[in-house]
Amino acid sequence: MAKLYINEHVKKGHINPEIYGHFAEHLGRCIYEGLYVGEDSKIPNVNGMRKDVVEALKEMGVSVLRWPGGCFADEYHWKDGIGPKKDRKKMVNTNWGGVTEDNSFGTHEFFELCKQLGCKTYVNGNVGSGSVQEMSEWIEYITFDGVSPMADLRKANGHEEAWKLDYFGVGNENWGCGGNMTPEYYGNEYRRYQTYVRQYKKDAPVRKICCGANSADYEWTETVLKTCFAFPHHETGFMDGLSLHYYTVPGDTWENKGSATDFTDKEWYKTLAKAKKIEELIERHGAIMDTFDPEKKIGMMVDEWGCWFDVEPGTNPGFLYQQNTMRDALVAGLSLNIFNKHCDRVKMACIAQMVNVLQAVALTEGAKMILTPTYHVFHMYKAHQDGELLQSELSDNALIGIEEDYQVPMLSESVSVNEDGTITVTLNNLSLDRGEDVEISFRDLIPASIEGVILKGDMHDYNSFEEPSKVKEESFEAYEINGHSVTVNVPACSVLSLKIKG
Ligand code: AHR
């Protein structure tokens, strides 16, 4: 039997709600059709936003939304997306399928969507093909309340009040699609661009996010921080966050990433082992950040993460549409547990992407919508948002896997306590064939009531438009309380959440 020790007296840090963040890019059917259908659509909508999707996302709990990209961000010119829709410029979306972008979803629509979702706002600026002036004017347009050319333009376009912009990304993947820059070059550009991200609202600062590394590119982190961080006259060296992008790709090449639904046991474990690698990346990039910022004032913003598979057969390869099985659920559960456990440094994480793209939480087909296993994991982990991480440790946690290079611990966990004292334990069993008894022991707390929810199934199970509820949350009662301990049987291939009150 495995053991999970929880010391409810030791709080290890605050779980920023933004760890439960999302990303929506102008890519495939994420924005258009997935989130936005326009006011004239037959699909029920509020100011153009799909009612079904927005309601489901609100129930799941979206803390922050990043927009407009991604690679798209460094080709996006925000002025093309404001004013009367019929006059908006059309452009070619060169990154994603070469389709025509009609700019009918722009700045006003993004802030309307975030208002409906009740989430924080994260806009990603254009460094790759934009100018300092363009970026600076966007900030003025969004956040300035007084009299100025951009504030007047916003008002003329029907929005009197400035919006609250919580985060602003100064470029995206500038080591790649955002301009193919060297870290020294980007570091200097970052210093210049961020200067003009003005703080018009002293009580509501725009938090600036610097473009961080791809996966294990530690040199990028080191060099960018060396260039941007070390300014004695400024506490955080001009940045509030440094991003990190990491995708779980089971295949060995980008040409052959592997199918989302048709995979072997071996590929199951390989995918989970690759997902677990994010822990090493957080720790190693974190160690470099510590040398500059030992007090951890800068957040590590994992603003793109998730599974990236081959597209669904027959769909546009530029649209990155993929299905989502129990394997995605376990990747999500494992990753969110890792982010929680590193909440001293990880201040934001945005899964890629919200609807119809990569590891989406919802899929649509015309007027129909389904929720994926990943959706349910976010829903089951919702109580961690804004919680305090508690000290927890697993023992007798077997290493499992088929290939030697891709072994993973069978169980993963994180534990937090919220304001009313409810303790949330999220436990995953990554094994395909072995259910495991776990004895959860508290230091002093005697559990009085437990509310359990489980997501389980066969590794290939997924929700389809024909069978939308094959994978669903179910109530879990297979626990036994004994003094300071609770014993649960965690089935193979499952995600479990327990809300425990003493
Ligand atoms: O999420 C898809 C793409 O992946 C993003 O546009 C880019 O930032 C990353 O390479």
Side-chain angles (χ1 to χ4, degrees), residues 21-32 34-35 64-76 91-99 101 105 110 122-130 167-181 186 190 209-217 220 224 241-251 253-255 257 260 274-275 278 281 300-312 315-322 324 328 331-332 335 348-363 372 374:
H22 293 260
F23 170 39
E25 180 166 10
H26 288 241
L27 194 179
R29 297 182 300 118
C30 182
I31 300 275
Y32 299 112
L35 291 158
V64 66
L65 181 60
R66 175 175 182 244
W67 170 84
C71 295
F72 182 79
D74 281 278
E75 265 200 327
Y76 181 61
M91 68 181 276
V92 46
N93 191 335
T94 54
N95 286 290
W96 308 118
V99 295
E101 160 67 56
F105 188 98
F110 171 68
Y122 175 3
V123 169
N124 211 112
N126 178 348
V127 169
S129 71
Y167 297 95
F168 189 80
V170 181
N172 166 74
E173 297 197 348
N174 302 94
W175 36 261
C177 64
N180 288 304
M181 300 175 190
Y186 171 73
Y190 178 81
I209 301 180
C210 175
C211 167
N214 179 31
S215 189
D217 185 353
W220 180 276
V224 163
L242 181 66
S243 67
L244 170 66
H245 288 183
Y246 178 66
Y247 284 97
T248 298
V249 183
T253 61
W254 278 94
E255 288 64 48
K257 295 180 277 299
K274 284 191 162 187
I278 200 153
L281 300 179
M300 185 186 288
M301 314 308 216
V302 190
D303 57 17
E304 285 186 34
W305 69 273
C307 291
W308 193 325
F309 304 123
D310 293 335
V311 296
E312 281 303 298
T315 64
N316 187 330
F319 282 13
L320 311 186
Y321 176 72
Q322 63 190 43
N324 196 296
D328 295 75
V331 168
S335 306
M348 181 195 288
C350 303
I351 190 167
Q353 297 195 7
M354 201 171 221
V355 189
N356 291 334
V357 170
L358 299 175
Q359 193 176 346
V361 293
L363 303 175
T372 66
T374 301

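Counting convention: from 1, in listed order, for ligands and their atoms alike. Nothing here was measured: the structure is a model prediction, and the numbers come from that model.
Put simply, part of Phe23 is less than 4.0 Å from ligand 1, judged by heavy atoms.
Contacts with ligand 1 closer than 4.0 Å are made by side-chain heavy atoms of Leu358 only, the backbone lying farther away. At a 4.0 Å heavy-atom cut-off, ligand 1 touches Trp308 through the side chain alone. Only the side chain of Asn172 comes within 4.0 Å of ligand 1, counting heavy atoms alone; its backbone N, CA, C and O stay farther away.
The ligand atoms of ligand 1 that sit less than 4.0 angstrom from a heavy atom of Cys71 are 5 (C), 6 (O), 7 (C), 8 (O). Short contacts between ligand 1 and Gln353, defined as distances under 4.0 Å to a heavy atom of the residue, involve ligand atoms 1 (O), 2 (C). Near Glu173, meaning under 4.0 Å from any of its heavy atoms, are these atoms of ligand 1: 7 (C), 8 (O), 9 (C), 10 (O).
For atom 9 (C) of ligand 1, the closest non-hydrogen atom of the protein is Glu304 OE1, 3.0 Å. Atom 6 (O) of ligand 1 has Glu25 OE1, 2.7 Å as its closest protein atom, hydrogens excluded (heavy atom only).
Checking only distances, Gly70 never comes within under 3.5 Å of ligand 1, N or O to N or O. Polar contact with ligand 1: present for Tyr247 (N/O pair, distance under 3.5 Å).
Contact detail for Gln353 and Phe23: the closest heavy-atom pair is NE2-CE2, 3.1 Å.
Looking only at side-chain heavy atoms (C-beta outward), Met354 and Leu65 come within less than 4.5 Å of each other.
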Could you go step by step and tell me if Tyr246 and Trp305 meet the ring pair (Phe, Tyr, Trp, His ring centres under 6.0 Å) rule?
CA-CA 5 Å; Tyr246 178 66; Trp305 69 273; 9.8 Å; no
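Applying the ring pair (Phe, Tyr, Trp, His ring centres under 6.0 Å) rule to His22 yields the partners Phe378; only residues at least two apart in sequence or on another chain are considered. Taking the ring pair (Phe, Tyr, Trp, His ring centres under 6.0 Å) definition, one finds that Phe309 meets it with nothing, sequence neighbours left out.
Using a 4.0 Å cut-off between a side-chain N of Lys or Arg and a carboxylate O of Asp or Glu, Arg66 and Glu304 qualify as a salt bridge.
A donor-acceptor distance shorter than 3.5 angstrom exists from the side chain of Gln359 to the backbone of Cys307, with no hydrogens or angles considered.
Side-chain contact, Asn93 with His26: no donor N or O sits under 3.5 Å from an acceptor N or O.
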